[in-house]
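Count residues from 1 along the sequence. Every heavy atom of this structure was used, including side-chain atoms; hydrogens, water molecules and symmetry mates were not. Order of listing sets the numbers, starting from 1, for every ligand and every atom in it. Keep in mind that this is a model prediction, so the values were computed, not measured.
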Amino acid sequence: MYTARLRQEISALDPYTPGLSIEEIRQKYNREQVIKMASNENALGASPRVQEVIARHASSVFRYPRGGNPRLVQAIAAHHHVGKDRIVIGNGSDEVIDLLLRMLVEPRTDTIVCAAPCFNLYTVQAKISGISIRQCPLRSDFSFDMDGLFALVDEHTRVLFLTTPDNPSGYCPPRSEVLALAQKLSAFPGCLLLIDEAYMDFHPQENEASLLALLEMPDNVGIMRTFSKSYGLAGLSIGYGLLPKEIANAFWRARLPFSVNILAEEAALTALDDAIFHEKTLQTVAEGRTNLTEGLRALGCTVWPSSANYLLFTLPDGLHASDCFQYLLQKGIIIRLLKSYNLPEHLRVTVGNAEENRLFLAEVKNFLQEH
Ligand SMILES: *Cc1c(COP(=O)(O)O)cnc(C)c1O
């Protein structure tokens with residue numbers, strides 16, 4: 001008889017916890033309209049130009065894409081004014097993160113360093129690869145303890161993760177702090193500072209906050225971005241990285257040959273070119289972020305300042321996040337409980353369009369009145 005022999009890392013694994021899907025909630029609560037404000041997706045949906053391009057390329061899906069996504073590499077390099085030889089592309093930044101861990105970190109002997117809590121994917125993929133994880137608690141205001149993070153680095157540390165703006169708080173450190181950390185890390189030549197800028201374009205001062213806008217980036221820094229959020233392509237999964245050349249080169253040798261599919265590549269090319277939709281998205285998010293922050297504060301909630309397309313908040317004293325979460329679900333609004341981030345009394349809501357934001361605030365108000 002066959003006996004499954006799973007690697008110990010896999011048997012012990014707590015999987016990444018995604019936000020609930022609209023379909024799940026529609027069926028469970030038998031509701032026509034369900035609003036999802038749980039996964040930081042685009043407030044305006046998918047760009048009409050992108051939808052048209054996908055339809056136009058539907059007849060090409062019998063073909064394999066060109067290896068190495070050269071057109072998209074070219075477009076991303078031009079967009080950020082950087083050399084093509086530093087760009088990598090993956091099936092979401094998730095694939096980029098996973099593959100970099102497998103490329104750079106020797107299981108059981110090497111370590112990675114990240115904050116606690118942090119974006120769960122870093123630790124889940126590290127565990128799958130048998131990599132030891134060192135975590136430094138965030139400060140109570142959700143800012144990064146840069147000295148504490150640095151103190152966990154030694155000659156076996158291969159990656160230090162920073163998420164700027166951070167998920168789930170929306171906090172973004174000043175660029176000078178990130179550069180100072182990179183500078184100190186250069187004492188450990190084998191350690192890459194991997195900065196996840198998935199939400200950086202939502203930052204009101206992106207050019208002052210992002211390392212990508214620098215002409216001279218430190219040579220021990222890698223930056224990741226994604227088409228899943230501000231470009232509205234979460235369902236197609238395309239992420240990219242700007243990396244030191246040697247790593248970028250090795251990435252393309254190690255990556256699965258066709259992990260970014262034909263429709264995803266066409267969609268990303270158009271999304272990058274569709275500056276009007278992107279700009280509209282940023283504007284909608286900036287307005288919605290202000291409205292939701294003011295609205296929640298007016299209701300007595302504590303809201304953390306956010307540079308991203310979501311807000312971290314807590315309820316007035318005595319009320320429980322899980323009760324509010326359940327109440328909203330029954331009303332057909334999905335937000336995010338943060339148990340998997342070890343923040344059982346915090347909630348995260350994605351900035352929606354004006355109507356979604358209005359409905360969300362109205363139902364939080366109802367919850368507060370009834371409890
Ligand atoms: C959403 C998100 C990503 C993007 O993941 P994709 O695989 O590109 O969809 C990356 N990092 C963080 C912190 C995120 O929240």
* Hey, are R225 and D196 close enough for a salt bridge, meaning a charged N less than 4.0 Å from a carboxylate O? -> no

* Asked: Looking at side-chain heavy atoms only, is the closest gap between E265 and I262 below 4.5 Å?
  -> no

* Asked: How would you list all residue pairs meeting ring-ring contact (aromatic ring centres under 6.0 Å, His included) that involve residues 32-59, not counting sequence neighbours?
  -> none

* **Close side-chain approach of V285 and Q283, heavy atoms under 4.5 Å** => no

* To do: Please list all pairs passing the ring-ring contact (aromatic ring centres under 6.0 Å, His included) test where one or both residues lie in residues 79-98, with sequence neighbours left out.
  => H80-Y240

* Can you list every pair that meets ring-ring contact (aromatic ring centres under 6.0 Å, His included) and has a residue in residues 272-310, with sequence neighbours left out? -> F142-W304, Y199-Y310, Y231-H278, W304-H346

* Protein residues near ligand 1, heavy-atom distance below 4.0 Å? -> G92, S93, D94, F119, T163, N167, D196, A198, Y199, T226, S228, K229

